[in-house]
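These notes are about the structure you will find just below.
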Amino acid sequence: MEDSRIIELFWERDEAGLAAVSEKYGKYCAAIARNITGSEQTAEECVNDTLLELWETIPPNRPKHLAAFAGEITRNNALDTVRNSKAQKRGGGELELVLDELRGVSSDYSVEKIAEQHELLALINEFLGGLSESRQRVFVLRYWYCCSAAEIAQAVGLSEANVYNVLKRTRKKLTEYLEKRSGSV
Amino acid sequence: MKSEELLRLLGGIDSEYIENARSGFEAALEAREGVSVRAGYPGRRTARTAIASVVGAAAALFGVFVLLLNIGRLRLGGSHGQNSSVQNVSEDVITGYSEVELSLYHKVWGEPDTYSAVCRVRKKDALPWFSAECTQLDNCTVSIRERNSEIEKTFFMPSENKRDLRAETDGEWAYFEVTMTVTDPEVWARAKVVIRAGTS
C-alpha cells in the first residue's frame, strides 16, 4: 500500500492504517529500536508504542516520508527506554559506541551558545547538506540508524576502516562547523 | 551538550537524509537476518536437473553495484508425484547488498538427485571479485561453477570458504551455476551457499 493511502487511512481514523503501517514498516522500526536497545523484546515494545503514537499524531501530521516519521518516533521511544531503564544499561547494540563517538563532537559545544535547539538542528541539517552523498549516508546510518561499522561497510561498499575514517573526519568537520557557526550566531 | 542530547537532537534531521540512507539500512537489516531464497524444490525422483533461473542484483548504496536476485522460471522434466510441485519459489529483489544466499533442499526418497540453480550476478568494476561460502551442507555436495571463466569449486564440507572464486569476465555478468548432488536419497538434504561480491 502506498504511504499516501496509509496516511489517508489514519486521517479517516481507519485502523486498517495501523495494520498497513505495521506490515510495511514494522520490521524497519523494530530494527532501529533493536540497534539502540539491543533487545528484541524491548524493540517490539518500542514498535507498539510507535504505532500508538502514530495513531495519535496523524492527524494532525501528514508526514512527507512515513518511514522516516515512524522511524524517528521509534528512535525516540528506544532512547527513552534506554534512559529510563533502572540499571541505566545501554543497548547491547551500538548505542554505547555511538555515544562515545559523539562525545567528541559535543564536548566543545554548549547548547547555551545557541539559544534554541532547533537552530542547532538547522545547522546540522545545513552541514549534512554540504556533505557528499556518500558521507551523508555513512553519517546517517551511524548516528541516526545506529548501524555498526561492519553493517555500514557492507551497505556502502567501503571497508570498515574506511567507514571509521569517514565518520571520524565527518565528526571533526561537524565540530569545526558548529564552533564556527555558533561563534557567528 | 551531552552526547545523549546530541544523539536525540540528530533524530530530528531532515527526513530526506533519513530516506536517502534507508535503502542502506534495509540492506544491512537483510544481511543481518540473512537473505534466503529457496532455489531448490522438493519432489524429484530421478536424477535430472531443475533450473531455477536466479537473477540477483544488489545495488550498493552509491550505485557501484547492482545485484538482482530473481527466481523466475523453473523447468521440470518427467513426471512427478505429490511431492514434485514447486513450492515456495519466490521472487526476491535485494538491493544495496552484495551478498546472496541460496538455499537448496531435497526431501524425497528415491534415487540420488542433482539439483542446480543458476545465479546471474551483475558486477561492476568497483566490485571485481566474487567468493562463495558454504554455510550448510547436509547429505550432499555442492559445486559452484562460473560459466564464463570455467572456474569450478566443489564443497564437500560445510563452512568451507572459496575465496578465490573470481569471475574474470569481460562482460558485466557472471553466471554461477550452483549444483547440489544428494548423497543419500533416503535422507533430507539441504545446502546453503552464500555468494558475495566486494571490493577488497
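- Other residues, nucleotides and ligands place more than 12 heavy atoms under 6.0 Å from the CD atom of E12(A).
- Atom CG of N76(A) is separated from atom CG of L7(B) by 9.5 Å, given to the nearest 0.5 angstrom.
- When the shell of 6.0 Å around CD of E53(A) is examined, it contains more than 12 heavy atoms from other residues, nucleotides or ligands.
- Each of G129(A), P63(A), G71(A) has some count of heavy-atom pairs under 4.5 Å with chain B, and the biggest count is that of G129(A).
- Although no hydrogens or angles enter the test, the distance criterion places no donor-acceptor pair under 3.5 Å between the side chain of Y17(B) and the main chain of Q136(A).
- Contact of L79(A) with chain B is made through backbone and side chain together, with heavy-atom distances under 4.5 Å.
- Here the side chain of N125(A) pairs a donor or acceptor atom with the backbone of D14(B) at under 3.5 angstrom.
- Between the CD atom of E16(B) and the CG atom of L128(A) there is a distance of 12.5 Å, given to the nearest 0.5 Å.
- Closest approach of L9(B) and L121(A) over heavy atoms only: O-CD1, 3.2 Å.
- Taking both residues in full, the closest heavy atoms of Y28(A) and E26(B) are given as CD1-OE2, 3.9 Å, listed atom of the first, atom of the second, then distance.
- W11(A) and L54(A) end up in the same hydrophobic cluster when Ile, Leu, Val, Met, Phe, Trp and Tyr side chains are linked at under 4.5 Å.
- Counting non-hydrogen atoms of other residues, nucleotides and ligands closer than 6.0 Å to CD of E15(A) gives a total of 12 or fewer.
- The line from CG of L174(A) to CG of L10(B) is 7.5 Å long, rounded to the nearest 0.5 Å.
- Heavy-atom contacts from other residues, nucleotides or ligands closer than 6.0 Å to NZ of K24(A) number more than 12.
- Cluster annotation: W55(A) is connected to Y25(A) through the hydrophobic network of ILVMFWY side chains, with a link wherever side-chain heavy atoms come within less than 4.5 Å.
- The distance from atom CZ of F25(B) to atom CH2 of W144(A), rounded to the nearest 0.5 Å, is 8.0 Å.
- Taken from NE2 in H65(A) to CD1 in I18(B), the straight-line distance is 8.5 Å, to the nearest 0.5 Å.
- Between S15(B) and A68(A), the shortest heavy-atom contact is CB-CB, 3.7 Å.
- Connection of L131(A) to V98(A) is established within a shared hydrophobic cluster, with ILVMFWY side chains joined at heavy-atom distances below 4.5 Å, either directly or through further cluster members.
- Counting all heavy atoms, side chain and backbone alike, A67(A) lies closest to R22(B) at CB-NE, 3.5 Å.
- Heavy-atom minimum distance, L141(A) versus G24(B): CD2-C, 4.0 Å.
- A 4.5 Å side-chain heavy-atom check between I13(B) and V140(A) finds at least one atom pair inside the cut-off.
- Clustering ILVMFWY residues whenever any of their side-chain heavy atoms sit less than 4.5 angstrom apart, transitively, puts L51(A) in the very cluster that holds M1(A).
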Verdict with reasoning, D80(A) to R8(B), per side-chain contact (heavy atoms from CB on, under 4.5 Å): CA-CA 10 Å; D80(A) 286 343; R8(B) 192 173 286 272; 2.9 Å; yes
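- From L66(A), atom CG reaches atom CD of E19(B) across 9.0 Å, with rounding to the nearest 0.5 Å.
- Heavy-atom distances place the side chain of F139(A), and not its backbone, under 4.5 Å from chain B.
- A continuous path of ILVMFWY side-chain contacts below 4.5 Å connects Y177(A) to V166(A), so both sit in one hydrophobic cluster.
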